[in-house]
Protein chains: 2
Amino acid sequence: MAVSGRGPRERMVFSAAQLIRRDGVASTGMREVAAHARAPRGSLQHYFPGGKEQLVNEAVGWAGRYAAGRVARFLAALPEPTPGGLFSQMVRQWTDEYTSTGFEGGCPVAAATVDRAGSSASTREAVSAAFDGWTGAVALALSDMGVPAERARPLATLMISSLEGAILMARAERDVRPLTAVSRELGPLLDSAVDATG
Amino acid sequence: MAVSGRGPRERMVFSAAQLIRRDGVASTGMREVAAHARAPRGSLQHYFPGGKEQLVNEAVGWAGRYAAGRVARFLAALPEPTPGGLFSQMVRQWTDEYTSTGFEGGCPVAAATVDRAGSSASTREAVSAAFDGWTGAVALALSDMGVPAERARPLATLMISSLEGAILMARAERDVRPLTAVSRELGPLLDSAVDATG
DNA sequence: CGGCTACTATGACAGCGGTCATAGGGCGAG
DNA sequence: CTCGCCCTATGACCGCTGTCATAGTAGCCG
């Protein structure tokens, strides 16, 4: 899995996200990130004077923006946008990866939360911002579909929570069933929120 | 937080679970576990000849049995058992902890998944078993409430997934809102599965 | 050419990790 | 008493980590 982003800096951030989502933050070494990104080791202290913490925070930020950006793409792929359809697409991204590439990776934001929420304030804030941006993107999409404003954000939170939890369980069991179960059960319930008048 | 379980061995397993859920598996040292359990360091290699992997696996197993056991207690606390009521209790346990003790800890099973699912086969199996036992307990409770047999397990998976994801988000944001949102949104939907004839 | 900036290249350092080796106590059995 | 067993105690080892210090190269500007 050769990384071929533009500059070495971007490649390192991207590689960090990849390695974190596979091994966790603590088990991912700086040298490993540089090697994976095919970047010189000396560039680490040049581009990331804030050390590992900065690198991790940027990787989390990148992952959050990536997840939020995917929402718009999922919508574009849907002929008729519905909450359940969007959720199905979000889940599908993971079932596709797991069935094709294997159960090696999880969500880097979740990994950063587990490993650093209690020990690094700045990383915790980066994670919070990532979740917030992602939730906002989903909530906006729900609003556009006709979900009442006051329910858009809670439902977006529910969608992302269910997805994150199902990712954990799927990885643990090496089976996509938790993902498909969550999609099948929650999808219709989400759709029923569209026509709800109150 | 002095640990006062019965034997040193149990105390170490319990302490390991506590530390893992706070700092993650990789950031939790063996010496730290022994110190936290007020157990002699030499006992580590005596009780856990399989090393850290064994200790982590037992901590995960303990956590899984604990979570599964809580389900029965939650049911007993409900005057009239409903799926939404059960879920509300499951969530409540976490909001109570977070509002009283702070957002220091997460779920140890989730932590073990993130940190070890890709690197330790035995730990991944322990995590899988923990999720499986927990899901089974919830599914059994749902069946007893009248949820159709074929939907009991998928719904249990949805409940646990949502809870795990909401724990992540709540820790990240240092706010119980994700937990309350998930409970409020998912509860009624779960209750509607009871009277569903198909 | 010099001077400057951006980036790369290594080597060292101190700290901590899990694990192993070895030996010491406590105590019941014979 | 001695033996054997369970548990404890401690020191050492090696590998790896993040970080720093220092020196090197490339290329642009004047």
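Throughout, protein chains are lettered first and strands after them, A, B, ... in sequence-line order, and every chain is numbered starting at 1.
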Pairwise 5' ranking along DNA chain D for A/Glu32 and A/Pro49, keeping only the more 5' one: A/Glu32
Atom-to-atom span, CZ of A/Phe48 to P of C/dT8 - whole angstrom: 11 Å
B/S/- contact track for nucleotides 3-8 of chain D, protein heavy atom under 4.0 Å: ---SBB
Counterpart residues, side-chain contact (heavy atoms from CB on, under 4.5 Å), relative to B/Asn57 (two or more places apart): B/Glu53, B/Ser122, B/Thr123, B/Ala126
Sugar-phosphate only, base, or nothing, as touched by B/Thr28 at under 4.0 Å among non-hydrogen atoms: sugar-phosphate
Closest-nucleotide 5' rank along DNA chain C - winner of A/Arg31 and A/Ala39: A/Ala39
Any side-chain donor near an acceptor of the partner, A/Ser162 and B/Ser162, under 3.5 Å: yes
Spacing of B/Asp23 atom CG relative to C/dG17 atom P, expressed in whole Å: 11 Å
Atom-pair distance (CE on A/Met30; P on D/dG15), nearest Å: 23 Å
Atom pairs and distances, donor-acceptor, side-chain atoms in residues 69-94 of chain A, under 3.5 Å, two or more places apart:
{"unit_1": "A/Arg70", "atom_1": "NH1", "unit_2": "A/Tyr66", "atom_2": "OH", "d": "2.9"}
{"unit_1": "A/Thr82", "atom_1": "OG1", "unit_2": "A/Gly85", "atom_2": "N", "d": "3.0"}
{"unit_1": "A/Gln93", "atom_1": "NE2", "unit_2": "A/Tyr66", "atom_2": "OH", "d": "3.2"}

Residues from residues 111-120 of chain B lying under 4.0 Å of DNA chain D - heavy atoms: none
Non-neighbouring partners of A/Asp175 that pass salt bridge (charged side-chain N to carboxylate O under 4.0 Å, His left out), sequence neighbours left out: A/Arg177
Within residues 97-108 of chain B or reaching into it, pairs that qualify as salt bridge (charged side-chain N to carboxylate O under 4.0 Å, His left out) - sequence neighbours excluded: B/Arg21-B/Glu97
Could you pull out the protein-nucleic contacts involving nucleotides 23-26 of chain C (nitrogen or oxygen on both sides, under 3.5 Å)?
none

Rounded distance (Å) that lies between atom C1' of D/dC16 and atom NZ of A/Lys52: 11 Å
Sequence-distant partners of B/Gln45, side chain to side chain donor-acceptor pair (under 3.5 Å), two or more places apart: none
Sequence-distant partners of A/Glu58, salt bridge (charged side-chain N to carboxylate O under 4.0 Å, His left out), two or more places apart: A/Arg9
Donor-acceptor contact below 3.5 Å, side chain A/Asp115 vs main chain A/Gly24: no
Side-chain ion pair, A/Glu32 and A/Arg22, N-O less than 4.0 Å: yes
Consecutive-pair stems (3 or more, Watson-Crick or G-U, under 3.5 Å) for DNA chain C: C:1-16 with D:15-30, C:18-24 with D:7-13, C:26-30 with D:1-5
Pairs of donor and acceptor atoms involving the side chains of residues 127-141 of chain B, under 3.5 Å and at least two apart or interchain, shall be tabulated with distances.
{"unit_1": "B/Asp132", "atom_1": "OD1", "unit_2": "B/Arg153", "atom_2": "NH2", "d": "2.9"}
{"unit_1": "B/Thr135", "atom_1": "OG1", "unit_2": "B/Phe131", "atom_2": "O", "d": "2.6"}

A/Tyr98 backbone acceptor or donor facing A/Thr101 side chain under 3.5 Å: no
Set of side-chain contact (heavy atoms from CB on, under 4.5 Å) partners for A/Arg31, sequence neighbours left out: A/Arg41
